[in-house]
Amino acid sequence: MLGGMSDISDIVELDPEDKKIITLARSARARNGVAEGAAVRDETGRTYVAGTVALESLRLSALQTAVAMAVASGAKSLEAAAVVSEAEQPAEADLAAVRDLGGAGTPVLLAGPDGTLRVAAEAR
C-alpha cells in the first residue's frame with residue numbers, strides 16, 4: 001500500500017460532507033460517461049465537480065480537472081477531495097494536484113463506481 005493510505009477497514013464512518021462529494025463525483029462520472037468523476041470541497045465549503053478530460057491536445061484526470069476548476073474560481077485551499085474510478089489506488093498525479101492547493105495531508109477519497117469507498121488517502 002502506498003504511504004499515507006489507510007485500509008478502508010480503518011474508516012469507521014464518513015462525514016456527511018465527504019459522502020456528498022463522493023455522490024457528486026459518482027454523478028459526474030455517470031452523467032458524462034467518462035472514466036472518472038471527481039469533486040473537491042474548498043475552504044469555504046464550495047464544491048467543484050468534474051469528469052475526465054480526454055482531448056487530443058489535453059488530458060486531465062477528473063481530480064486534476066476539479067482542482068483546476070477550484071483554482072480558476074478563486075479557491076485558496078481544499079478541505080477534501082473525492083474521485084470515483086475503477087482504480088484501486090489514487091494516482092500520484094492526483095494526490096500531487098490536491099496537495100498543491102490543499103496542502104499535504106488533505107484527505108483524498110477513492111470510491112468505486114458503485115460509490116463504495118475503497119481508499120482514504122492523504123495528499124503528499
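What you see is a predicted model; the values in this text were computed from it and never measured.
- With hydrogens and angles ignored, the 3.5 Å screen pairs a side-chain donor or acceptor of Asn32 with a backbone N or O of Ala28.
- The nearest pair of heavy atoms linking Ala39 to Ala25 is N-CB, 3.8 Å.
- Using a 4.0 Å cut-off between charged nitrogen and carboxylate oxygen, Glu79 and Arg41 count as a salt-bridge pair.
- With sequence neighbours left out, the side-chain hydrogen bond (donor to acceptor under 3.5 Å, both in side chains) criterion links Arg46 to Asp42, Thr44, Tyr48.
- Between the Thr52 side chain and the Glu36 main chain, a donor and an acceptor come within less than 3.5 Å of each other.
- One finds the CE atom of Met69 at 9.0 Å from the OG1 atom of Thr47 (value rounded to the nearest 0.5 Å).
- Side-chain contact between Val53 and Leu55 is present, with at least one heavy-atom pair separated by less than 4.5 Å.
- Interatomic distance, Glu86 CD to Arg118 CZ, rounded to the nearest 0.5 Å: 6.0 Å.
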Could you give the side-chain donor-acceptor pairs of residues 93-115 under 3.5 Å, partners two or more places apart or in another chain?
{"unit_1": "Asp94", "atom_1": "OD1", "unit_2": "Ser61", "atom_2": "OG", "d": "2.4"}
{"unit_1": "Arg99", "atom_1": "NH1", "unit_2": "Arg124", "atom_2": "O", "d": "2.5"}
{"unit_1": "Thr106", "atom_1": "OG1", "unit_2": "Gly102", "atom_2": "O", "d": "2.9"}
{"unit_1": "Thr106", "atom_1": "OG1", "unit_2": "Gly103", "atom_2": "O", "d": "2.8"}
{"unit_1": "Asp114", "atom_1": "OD1", "unit_2": "Thr116", "atom_2": "N", "d": "2.9"}
{"unit_1": "Asp114", "atom_1": "OD1", "unit_2": "Thr116", "atom_2": "OG1", "d": "3.1"}
{"unit_1": "Asp114", "atom_1": "OD2", "unit_2": "Thr116", "atom_2": "OG1", "d": "3.1"}

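- Tracing side-chain contacts under 4.5 Å through hydrophobic residues (I, L, V, M, F, W, Y), one never reaches Val84 starting from Leu24; they form parts of separate clusters.
- Taken from NZ in Lys19 to OG1 in Thr23, the straight-line distance is 9.0 Å, to the nearest 0.5 Å.
- Among all heavy-atom pairs drawn from Thr65 and Gly51, the shortest one is OG1-O, 3.7 Å.
- Heavy atoms only, all atoms of each residue included: Ala70 and Leu78 are closest at CB-CD2, 4.3 Å.
- Here the shortest heavy-atom pairing between Val40 and Ala66 reads CG2-O, 3.7 Å.
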